[in-house]
Structures are given as structure tokens and as C-alpha cells.
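Here the structure is laid out as C-alpha cells; the discussion comes afterwards.
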There are 2 protein chains.
Amino acid sequence: MSDRLDWNDLRERRMTEPGAAETYEATRIAFELGQEVRHLREGHGWSQSELARAAGMTQSAVARFEAGGTVPTLPVLERLARALDRRLDVRFASNADAA
Amino acid sequence: MSDRLDWNDLRERRMTEPGAAETYEATRIAFELGQEVRHLREGHGWSQSELARAAGMTQSAVARFEAGGTVPTLPVLERLARALDRRLDVRFASNADAA
DNA sequence: CCAACTCATAGCATCGATGCTATGGGTTGG
DNA sequence: CCAACCCATAGCATCGATGCTATGAGTTGG
């Protein structure tokens, strides 16, 4: 379920391009954030449409984001965080820090 | 020193627009990240040009970012983190968590 | 005084994320 | 079988971030 996306291909392609180590990372982060949002959303018992309304976006945008279809921008992450009653945390961690 | 920027005005304007709570937050985050990068960069004893080269961008881009001139994208943050020997950490923290 | 370096900015092209509308397939409940 | 909901995707317009080049002002060292 939800594994026949075109975006999976897109993402995979992006992550295997030559010399795209940073893009790879960003894409991976985007994917993980998408999964986390999906998790949080389901925890709230919300549909994509409901989250979308709460975050001031459309269902399609939520779907695209959850699927890792694009690398989200900070404003979007911020709105999602608010809707999900979280705080967006972005920082440069020491490489030694735990993941 | 470094306080006569046009971007300060731009940012301020962005942060005082009506109903721009999320944009405000994103702009604030961008500003803080910029300051942190500047701090880290100076800790390495690097000029903007040197960091730019290490991060695969130009000096003007670094200056723009450090000044909070734009809200950076994850790929850019990732590249800067790598150049500065850090790990980019993005997550949805519980509202109770410390800043 | 000049050369070399610093950082701040401008202007423009391009790329990519987002917003939007519209489907389509899947599932469920009547 | 149909209505109503779910989510995945497409296509397109727009906006904004980034890359680029080129200055300019300030500082420092010769």
C-alpha cells in the first residue's frame, strides 16, 4: 500500500545521481520527515484533508510531502509543526551527537 | 557593523505582515541559523569565500544566508553543515522540549 | 597611496517547491 | 450498486531560493 508511487522512483533517482551526496541527504531527510508527519497525523486521527486544512495547505500538498515527493521548505515544515502541535527544530548538531 | 542591510528591512517587513505567524517563525529560524553558521565559520577561521568554496556555493550566497536574507532550503543547509563538519538535524519536537 | 582582502548587495536567470484543480483507484457502509 | 470517504497523482501557474557575476565600501599592510 502506498508503495507504487512515481515519487519513489524520482527520489531514488535523485539519491543515486553522481556526486549528489548532499542532495541525497536532503532527500533522505525529506523522506523521513514525511513519514514522521504521517505518523503524527495518524496519531491525531486526521485525514490528509484535515491536516491540510489545519496547516493551510491542500490535501494534494500533504500527500506529496508525506510521500517524500519534494524536499520541503522551512515555512511548510513550520506550518505542519504548528498544525500537529509540535515545534520545528532545525540545528547544526555535532557529528558525534546521536541520531 | 553589518547592521545597515536592506535584508534587515526585508526580514522585518516579512515578520510583521498580518497573519504571517508561520512565515515569522521560518524567518526567525533562518536568521538564527545564519548567525550560527557565521559563528561556526568564524570558529574555523574561515572567510565567507572559503566557506563558500567548501560548501559548493559563492561568497554572495553565504553572505545572503548569514544575513538572513532568505529562508534557506534543506539542501543548502545540508551542504553548509557538511562543510562545517556538522550534521543537519531537523525534527518535530514536542512543544514541551527545551529550546 | 595602493594592493589585497574582507563582507554586503544588486540584478538577473534558472530551478524547484508550493498552491491549485481535477482525477482515479480503493475501501467502506448504506 | 451507489455514495462518501480515503489517498495518490497529474498538470499548470506562481513565487521564492539559489547560482552567478559584478560592484562598492571598509580594513589592513606594504
Side-chain angles (χ1 to χ4, degrees), chain A residues 1-11 13-15 17 20 22-23 26-27 29-31 33-35 37-39 41-42 44-80 83 90, chain B residues 1-11 13-15 17 20 22-23 26-27 29-31 33-35 37-39 41-42 44-80 83 90:
Chain A
M1 53 280 270
S2 85
D3 257 315
R4 205 173 11 75
L5 315 182
D6 257 18
W7 289 327
N8 280 324
D9 305 344
L10 276 176
R11 180 155 32 76
R13 229 173 297 147
R14 246 189 295 177
M15 300 190 5
E17 272 166 10
E22 330 77 4
T23 304
T27 303
I29 289 176
F31 185 60
L33 285 172
Q35 293 191 314
V37 162
R38 172 163 298 177
H39 198 70
R41 174 175 65 80
E42 290 170 344
H44 282 243
W46 285 353
S47 68
Q48 289 182 342
S49 300
E50 289 169 314
L51 172 57
R53 198 169 43 71
M57 47 204 295
T58 57
Q59 178 264 329
S60 72
V62 171
R64 182 165 47 188
F65 167 69
E66 284 188 357
T70 57
V71 176
T73 59
L74 292 187
V76 165
L77 290 175
E78 175 66 32
R79 281 186 288 163
L80 286 170
V90 185
Chain B
M1 48 286 276
S2 85
D3 257 317
R4 205 174 10 77
L5 315 182
D6 257 17
W7 288 326
N8 280 324
D9 305 344
L10 276 176
R11 179 156 31 77
R13 229 173 296 147
R14 246 189 295 177
M15 300 190 2
E17 270 165 11
E22 331 77 3
T23 303
T27 303
I29 290 176
F31 186 60
L33 285 173
Q35 293 191 315
V37 162
R38 172 163 296 179
H39 197 72
R41 174 175 65 80
E42 291 171 342
H44 282 243
W46 285 353
S47 68
Q48 289 182 343
S49 300
E50 288 170 313
L51 172 57
R53 197 168 44 70
M57 46 203 298
T58 57
Q59 177 264 327
S60 70
V62 171
R64 183 166 44 190
F65 166 68
E66 284 188 357
T70 57
V71 176
T73 59
L74 292 188
V76 164
L77 291 175
E78 176 66 33
R79 282 186 289 163
L80 287 169
V90 185

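Sequence lines set the chain letters: A, B, ... in the order given, protein chains first and strands last, and positions in each chain run from 1. Being a predicted model, the structure only gives us computed values, none of them experimental.
Between B/T73 atom OG1 and B/F65 atom CZ the span is 9.5 Å, to the nearest 0.5 Å. Separation of atoms CG (B/L74) and CG (A/L33) is listed at 7.0 Å; rounding is to 0.5 Å. Distance check, rounded to the nearest 0.5 Å: CG of A/L51 to CE of A/M57 gives 7.0 Å.
Between A/F65 atom CZ and D/dA8 atom C1' the separation is 16 Å, expressed in whole Å. What separates CZ of A/R38 from P of D/dA8 is a distance of 5 Å, to the nearest Å. The interatomic distance linking A/L51 (CG) with D/dC7 (P) rounds to 10 Å, in whole Å. Going from atom CD of A/E66 over to atom P of D/dA8 covers 7 Å, rounded to whole Å. In this structure, CD of A/E78 is placed 17 Å from P of D/dG16, rounded to the nearest angstrom.
Partners of A/T58 according to the side-chain hydrogen bond (donor to acceptor under 3.5 Å, both in side chains) rule, which considers only residues two or more places apart in sequence or in another chain, are A/S60. By the side-chain hydrogen bond (donor to acceptor under 3.5 Å, both in side chains) test, B/S47 pairs with B/E50, sequence neighbours left out. The side-chain hydrogen bond (donor to acceptor under 3.5 Å, both in side chains) test applied to B/Q48 returns B/Q59, B/E66, not counting sequence neighbours. For A/H44, the ring-ring contact (aromatic ring centres under 6.0 Å, His included) partners two or more places apart in sequence, or in a different chain, are A/W46.
For the helix from C/dC1-D/dG30 to C/dG30-D/dC1, the rotation axes defined at the first and last 5 base pairs enclose an angle of 30°, given to the nearest 10°.
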For nucleotides 19-22 of chain C, give me every protein contact, N/O to N/O, under 3.5 Å, one pair per line with atom names.
from, atom 1, to, atom 2, distance (Å)
C/dG19, OP1, A/R79, NH1, 2.9
C/dG19, OP1, A/R79, NH2, 2.5
C/dG19, N7, A/R64, NH2, 2.9
C/dG19, O6, A/R64, NH1, 3.4
C/dC20, N4, A/S60, OG, 3.3
C/dT21, O4, A/S60, OG, 3.0

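For C/dA8, one of the phosphate oxygens OP1 or OP2 lies less than 4.0 angstrom from a side-chain nitrogen or oxygen of B/Q48. Proximity of A/T73 to the phosphate of D/dG16: no side-chain N or O atom is located under 4.0 Å from OP1 or OP2.
Looking at B/R79, its side chain does come within 3.5 Å of a backbone N or O of B/G56 through a donor-acceptor pair.
The side chain of B/A63 has C/dA8 as its nearest neighbour among C/dA8, D/dT18, C/dA17.
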